[in-house]
Asker: 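Here's a structure for you.
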Amino acid sequence: MDAVPAEVDALAAQRAWNSDKPAEHGRKGATEPPEGEHFAAASAAVGASTTSESNDNDKLGGAAAPGVDTTTAPLSRVRNDATDQRLTTNQGVPVGDNQNSLKSGLRGPTLLKDFILREKITHFDHERIPERIVHARGSGAHGYFEAYEALTDLTRAAPFQQAGKVTPVFVRFSTVAGERGSKDTARDVRGFAVKFYTDEGNWDLVGNNIPVFFIQDAMKFPDLVHAVKAEPHHGMPQAASAHDTFWDFVSLMPESTHMLTWVMSDRGIPRSYRMMQGFGVHTFRLVNAEGQSVFCKFHWSPKLGTHSLVWDEAVKISGADPDFHRRDLWEAIEAGDFPEWELGLQIFSEEQAEAFSFDVLDATKIVPEELVPVRPVGRLVLNRNPDNFFAETEQVAFCTAHVIPGIDFSNDPLLAGRIHSYVDTQISRLGGPNFHEIPINSPIAPVHNNQRDGMHRQAIHRGRVSYEPNSLGGGCPFQAGGAGFVSFAEPPQGDEVRAKPEKFAEHFAQATLFYESQSPAEQRHIAAAFRFELSKLTVPAIRVRVVSMLRNVSEELAAQVASGLGMPLPEPMPRAFKGKLTPEVTASPTLSLLARPGEEGIRSRKIAAFVHAGSDVAALATLQAALTGAGASVRVVGPHVGTLQGEGGDIDADASFENEPGFLFDAIAVIGGDQPVEALSGDGRVLEHLRDAYRHGKPLLATGMAARVLSMAGIDVEDDQDPAVVIAGDALSEEGVRPFVEAITAHRNFDRETDPSLV
């Protein structure tokens with residue numbers, strides 16, 4: 001730059017040689033890198049691209065502030081609101097007519113020179129980007145993470161440096177197998193990805209609602225996804241694993257058995273995103289300021305508890321509302337019922353890990369909580385919905401490689417592949433290497449480096465220096481040294497080989513642990529799920545192979561599945577592990593959903609009040625007051641939406657028996673009266689909705705004569721053994737609602753389950 005040659009020369013002359021060079025060699029430089037040598041310029045003009053940078057206008061604004069990266073300012077910098085604004089093209093040209101294309105005469109041909117039409121259609125043609133190969137269907141929200149205490153003894157990671165520290169987050173939940181337009185309630189793994197916008201850069205904790213995975217090595221990930229996706233010859237089934245190619249693959253990969261028991265359990269069909277756990281899956285490292293490391297596993301526990309759908313319910317919901325989970329999350333946040341999770345850490349040393357009967361680098365294994373308790377360290381609260389689904393939820397890019405000082409990787413071979421895969425995927429999806437500049441992905445920490453250009457570059461870099469080391473920029477930006485990210489200095493493990501440790505060969509002990517730790521109802525559901533999935537296969541040999549694998553998990557489970565498939569029990573699958581194993585834990589109650597009920601009460605539950613013309617307005621008002629006072633939401637469902645003439649006044653129906661079936665709700669109350677019982681009893685839709693609720697174990701309430709409606713649906717209203725069927729008097733009181741609230745708090749009564757159903 002020629003404008004201030006003397007100052008440029010003086011700055012460059014301060015760096016007579018590269019004094020950082022000696023630290024590049026030897027172990028000390030690797031573990032304690034020095035801060036990069038850098039010098040201050042005599043004036044801001046030295047680093048300028050042009051001497052004219054002070055010439056301001058409405059587009060340019062002022063010169064760049066020293067050391068400031070404006071692309072990381074809050075998202076308000078890019079929010080766009082059109083209130084009271086006229087329509088324009090993308091170039092800001094006001095559009096006079098947005099109804100008609102430009103033609104040669106009223107009935108003449110459309111003209112090529114209609115640049116407004118061309119811009120509008122061209123942009124529309126390119127509005128969609130490639131969907132994610134997995135986790136395509138997702139839902140997201142903004143919020144914050146708040147640390148309970150300082151964890152400086154364990155890690156220098158920014159979110160854990162002091163009690164009460166708040167870190168902004170964006171969280172995306174997703175299904176794995178289905179395409180972007182598939183349904184929410186498919187039996188599947190759910191993604192649980194958290195982007196922490198820390199003051200030391202972005203940290204992405206990219207996990208699932210299940211703590212283990214199907215495979216042990218990233219080499220098999222493409223095979224797994226190809227197998228579980230719709231079969232390529234006919235593109236079916238969508239968002240489901242009940243087909244030949246998936247079960248063919250996993251039955252030849254016995255390490256998947258543990259994961260299969262989780263997915264076939266109720267964990268595979270969560271009640272809502274707000275009521276499911278999240279896990280980091282892999283073993284990570286925490287590293288403190290002194291370079292000391294411990295192993296760590298991450299757990300998210302929902303404040304509302306872990307709750308799931310039952311299969312028949314999930315199938316019916318997917319037909320009535322494919323967006324059930326997405327809608328649930330959105331409406332809860334809009335209503336101020338902010339979802340909350342507690343972050344817990346399992347922390348253990350390498351010496352402890354070596355002593356375990358399993359390998360902590362094996363992603364198909366958990367560390368039972370009886371061995372290493374989960375330590376609560378903070379809470380996650382989601383309190384703001386996105387402004388725009390595409391710009392935020394669809395374009396957010398999570399990458400396992402995004403870690404910050406204090407968080408490091410273990411040698412988990414599945415994690416190693418994910419570190420590469422996620423970044424590589426985003427480059428393809430989001431148009432190039434600058435996806436980090438999309439507002440939802442940009443950090444709140446300033447970004448300063450020598451990366452330049454590429455598709456969709458947004459930052460406008462000042463000056464002519466784009467390399468390091470340099471003297472023309474005063475050595476800036478300079479390496480941070482020990483204040484920056486320093487990889488944990490792990491000693492080498494041995495020869496370069498393609499193999500797995502011996503402990504990886506034990507495939508069944510933890511699957512047995514999981515199954516044996518479930519309640520009887522959950523065990524029934526696991527067997528039913530295996531029967532359903534395997535009954536969809538067209539190749540009997542694959543069924544035989546899966547059941548032979550299950551015999552190594554539980555003879556009881558294998559027998560139930562085989563019986564339901566009308567097949568004899570095959571010989572158990574030969575085990576790859578030939579050693580002797582003594583599991584430390586043979587029963588872990590915390591693995592059951594029922595062990596995690598969450599907070600007491602019915603906050604954010606959805607209750608249907610079935611009414612008809614003549615229903616008791618006073619009873620409805622009492623019910624609504626009691627339930628909403630306890631934090632639930634009540635939908636009044638009638639034969640049609642709008643006004644109904646009730647007994648004692650008008651009733652405003654929010655929904656109808658036709659447009660919101662009963663299985664969309666957590667519980668149903670039927671409001672009686674002199675007239676409506678006959679009409680409700682004669683409506684086949686009402687009776688079917690009540691039967692569904694009963695089969696699904698949900699609480700039911702009938703006021704006064706409305707007990708007859710339940711009887712017409714085949715429900716035994718005289719059964720005193722069922723606390724979730726509540727019969728109240730005509731004059732419903734708050735005291736009369738209390739047993740119903742208690743039943744809703746318990747979620748379901750699985751004692752109703754029989755096969756076939758009694759109702």
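It should be emphasised that the depicted structure is a prediction, and the values quoted were computed from it without experimental measurement. Computed over heavy atoms, backbone and side chain alike; hydrogens, waters and symmetry mates excluded.
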Asker: Mind checking the CG-NE2 spacing from Leu304 to His747? Nearest 0.5 Å is all I need.
Answerer: 7.5 Å
Asker: In the structure I gave you, are the side-chain heavy atoms of Pro254 and Phe508 within less than 4.5 Å of one another anywhere?
Answerer: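 Counting from C-beta outward, Pro254 and Phe508 do come under 4.5 Å.
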Asker: Distance-only, no hydrogens or angles: does the Gln518 side chain make a donor-acceptor pair with backbone N or O of Leu591 under 3.5 Å?
Answerer: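 Yes: the side chain of Gln518 pairs with the backbone of Leu591.
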Asker: Aromatic contact between Phe192 and Phe173, with the criterion being ring centroids under 6.0 Å apart: yes or no?
Answerer: yes
Asker: Return the NZ to CG distance between Lys503 and Asp362, rounded to the nearest 0.5 Å.
Answerer: 11.0 Å
Asker: Report yes if the side chains of Val194 and Phe398 come closer than 4.5 Å at any heavy-atom pair, otherwise no.
Answerer: no
Asker: Quick one, Phe358 and Pro368 - any side-chain contact, counting heavy atoms below 4.5 Å?
Answerer: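 Yes, at least one pair of side-chain atoms sits under 4.5 Å.
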Asker: Can Tyr144 and Thr167 be said to form a side-chain contact (heavy atoms from CB on, under 4.5 Å), step by step?
Answerer: CA-CA 5 Å; Tyr144 62 89; Thr167 301; over 6 Å; no
Asker: How close do Leu700 and Phe740 get, heavy atom to heavy atom, and via which atoms?
Answerer: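 What the structure gives for the nearest pair is C-CE1, 3.8 Å.
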Asker: Any sub-3.5 Å donor-acceptor pair from Asp204's side-chain atoms to Val206's backbone N or O?
Answerer: no
Asker: For Ile333 versus Ala141, what's the shortest heavy-atom pair and its separation?
Answerer: CD1-CB, 3.6 Å
Asker: Backbone N or O of Val176 within a donor-acceptor pair of the Asp188 side chain at under 3.5 Å?
Answerer: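 Checked: pair present.
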Asker: Can you confirm whether Glu734 is buried at CD, in the sense that more than 12 heavy atoms of other residues, nucleotides or ligands lie under 6.0 Å from that atom?
Answerer: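 At most 12 heavy atoms, drawn from other residues, nucleotides or ligands, come within 6.0 Å of this atom.
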Asker: More than 12 non-hydrogen atoms from neighbouring residues, nucleotides or ligands closer than 6.0 Å to CD on Glu600, yes or no?
Answerer: no
Asker: Using a strict 4.0 Å threshold on nitrogen-to-oxygen distance, state whether Arg596 and Glu342 make a salt bridge.
Answerer: no
Asker: Rounded to the nearest 0.5 Å, what separates atom CZ in Arg695 from atom CZ in Phe663?
Answerer: 11.5 Å
Asker: Would a distance-only check, ignoring hydrogens and angles, find a side-chain to backbone donor-acceptor pair under 3.5 Å from Arg748 to Ser308?
Answerer: yes
Asker: Are Tyr694 and His689 an aromatic pair by the rule of ring centers under 6.0 Å?
Answerer: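 No: the rings miss the under 6.0 Å criterion.
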Asker: Looking at side-chain heavy atoms only, is the closest gap between Phe348 and Phe356 below 4.5 Å?
Answerer: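 A side-chain contact under 4.5 Å exists here.
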Asker: Is the number of heavy atoms from other residues, nucleotides or ligands under 6.0 Å of Lys536 NZ greater than 12?
Answerer: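 No, not enclosed.
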Asker: Under the 3.5 angstrom rule, does the side chain of Ser256 hit a backbone N or O of Val250 as a donor-acceptor pair?
Answerer: yes
Asker: Strictly by modelled atom types, are Arg274 and Ser604 linked by a side-chain donor-acceptor pair under 3.5 Å?
Answerer: yes
Asker: Is there a donor-acceptor contact under 3.5 Å from the side chain of Ser517 to the main chain of Ala587?
Answerer: no
Asker: Is there a side-chain contact between Tyr148 and Pro376 in this structure, where contact means two heavy atoms from C-beta onward sitting under 4.5 Å apart?
Answerer: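 With C-beta onward as the side chain, the pair touches.
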Asker: Walk me through it: do Arg524 and Glu753 pass the test salt bridge (charged side-chain N to carboxylate O under 4.0 Å, His left out)?
Answerer: CA-CA 10 Å; Arg524 290 196 301 270; Glu753 288 187 342; 2.8 Å; yes
Asker: Mind checking whether Glu522 and Tyr515 have side chains closer than 4.5 Å, heavy atoms only?
Answerer: no
Asker: Between Arg603 and Glu599, is the closest basic N to carboxylate O distance under 4.0 Å?
Answerer: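 Between Arg603 and Glu599 there is a salt bridge, with a charged N closer than 4.0 Å to a carboxylate O.
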Asker: Would you compute the distance between atom CD1 of Ile727 and atom CG of Leu710 and round it to the nearest 0.5 angstrom?
Answerer: 5.5 Å
Asker: Any idea which heavy atoms bring Ser588 and Glu370 closest together, and the distance?
Answerer: OG-OE1, 2.9 Å
Asker: Any salt bridge between Asp321 and Arg327, counting N to O under 4.0 Å?
Answerer: yes
Asker: For Arg635 and Glu660: C-alpha separation, side-chain torsions, deciding distance, then whether salt bridge (charged side-chain N to carboxylate O under 4.0 Å, His left out) applies.
Answerer: CA-CA 9 Å; Arg635 294 279 279 177; Glu660 290 202 22; 2.4 Å; yes
Asker: Trp300 and Leu205: which non-hydrogen atoms are nearest, and at how many Å?
Answerer: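 It is NE1-CD2, 3.8 Å.
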Asker: What verdict does the salt bridge (charged side-chain N to carboxylate O under 4.0 Å, His left out) test give for Asp666 and Lys698, after you've listed the backbone C-alpha separation in whole Å, the side-chain angles of each residue and the deciding distance to 0.1 Å?
Answerer: CA-CA 6 Å; Asp666 294 297; Lys698 295 179 180 178; 5.9 Å; no
Asker: Kindly say whether Met276 contributes a backbone atom to a donor-acceptor pair with the side chain of Trp341 at under 3.5 angstrom?
Answerer: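 It does hold such a pair.
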Asker: Set out, in order, the CA-CA distance, both residues' side-chain angles and the distance that settles salt bridge (charged side-chain N to carboxylate O under 4.0 Å, His left out) for Arg285 and Glu350, then state yes or no.
Answerer: CA-CA 10 Å; Arg285 286 187 180 275; Glu350 294 192 49; 3.2 Å; yes
Asker: If you take all heavy atoms of Ser357 and Thr582, which pair is closest and at what distance?
Answerer: CB-O, 4.0 Å
Asker: Could you tell me the separation between the CD atom of Glu340 and the CZ atom of Arg379, rounded to the nearest 0.5 Å?
Answerer: 4.5 Å
Asker: Does the separation of the ring centres of Phe284 and Phe298 fall below 6.0 angstrom?
Answerer: yes
Asker: Evaluate the ring planes of Phe145 and Phe160, with Trp represented by its six-membered ring, and classify them as parallel (under 30°), tilted (30 to 60°) or perpendicular (over 60°).
Answerer: perpendicular
Asker: Nearest 0.5 Å, please: how far is CD in Glu313 from CZ in Phe665?
Answerer: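 The distance works out to 12.0 Å.
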Asker: Do the side chain of His258 and the main chain of Thr364 share a donor and acceptor less than 3.5 angstrom apart?
Answerer: yes
Asker: Does the side chain of Thr393 come within less than 4.5 Å of Arg172's, by heavy atoms?
Answerer: yes
Asker: Testing Leu260, Thr257, Ile526 one by one against Phe514 for a side-chain contact (heavy atoms from CB on, under 4.5 Å), which residue passes?
Answerer: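 Exactly one pass, corresponding to Ile526.
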Asker: Examine the side chains of Gln277 and His299 and answer whether a donor and an acceptor come within less than 3.5 Å of each other.
Answerer: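 Not at all, the side chains of Gln277 and His299 share no donor-acceptor pair under 3.5 Å.
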Asker: Looking only at the aromatic ring of each residue, does the gap between the centers of Phe532 and Trp311 stay below 6.0 angstrom?
Answerer: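 Ring centres of Phe532 and Trp311 closer than 6.0 Å.
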Asker: Is there a donor-acceptor pair closer than 3.5 Å between any side-chain N or O of Ser563 and the backbone N or O of Ala559?
Answerer: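 Side chain of Ser563 to backbone of Ala559: no pair is present.
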Asker: Yes or no on side-chain contact (heavy atoms from CB on, under 4.5 Å) for Trp262 and Phe214, after CA distance, side-chain angles and deciding distance?
Answerer: CA-CA 10 Å; Trp262 282 78; Phe214 295 98; over 6 Å; no
Asker: Strictly distance-based, threshold 3.5 Å: is any side-chain N or O of Gln216 a donor or acceptor partner for the main-chain N or O of Phe504?
Answerer: yes
Asker: Let me know which of His325, Arg326, Arg137 forms a side chain to side chain donor-acceptor pair (under 3.5 Å) with Asp184.
Answerer: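 Single side chain to side chain donor-acceptor pair (under 3.5 Å) partner of Asp184 among His325, Arg326, Arg137: Arg137.
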Asker: Considering non-hydrogen atoms only, spot the tightest contact between Ala527 and Gln560 and give its length.
Answerer: CB-OE1, 3.3 Å
Asker: Any chance you could lay out the side-chain contact (heavy atoms from CB on, under 4.5 Å) test for Arg752 and Asp722, step after step, and finish with the verdict?
Answerer: CA-CA 8 Å; Arg752 291 181 193 159; Asp722 190 339; 2.7 Å; yes
Asker: Before you tell me yes or no, could you show the steps for Arg738 and Glu735 under side-chain contact (heavy atoms from CB on, under 4.5 Å), namely the whole-Å CA-CA distance, both residues' side-chain angles and the distance that decides it to 0.1 Å?
Answerer: CA-CA 5 Å; Arg738 184 168 295 133; Glu735 187 67 27; 2.5 Å; yes
Asker: Side-chain contact test, heavy atoms from C-beta onward, threshold under 4.5 Å: evaluate it for Asn208 versus Arg190 and give yes or no.
Answerer: no
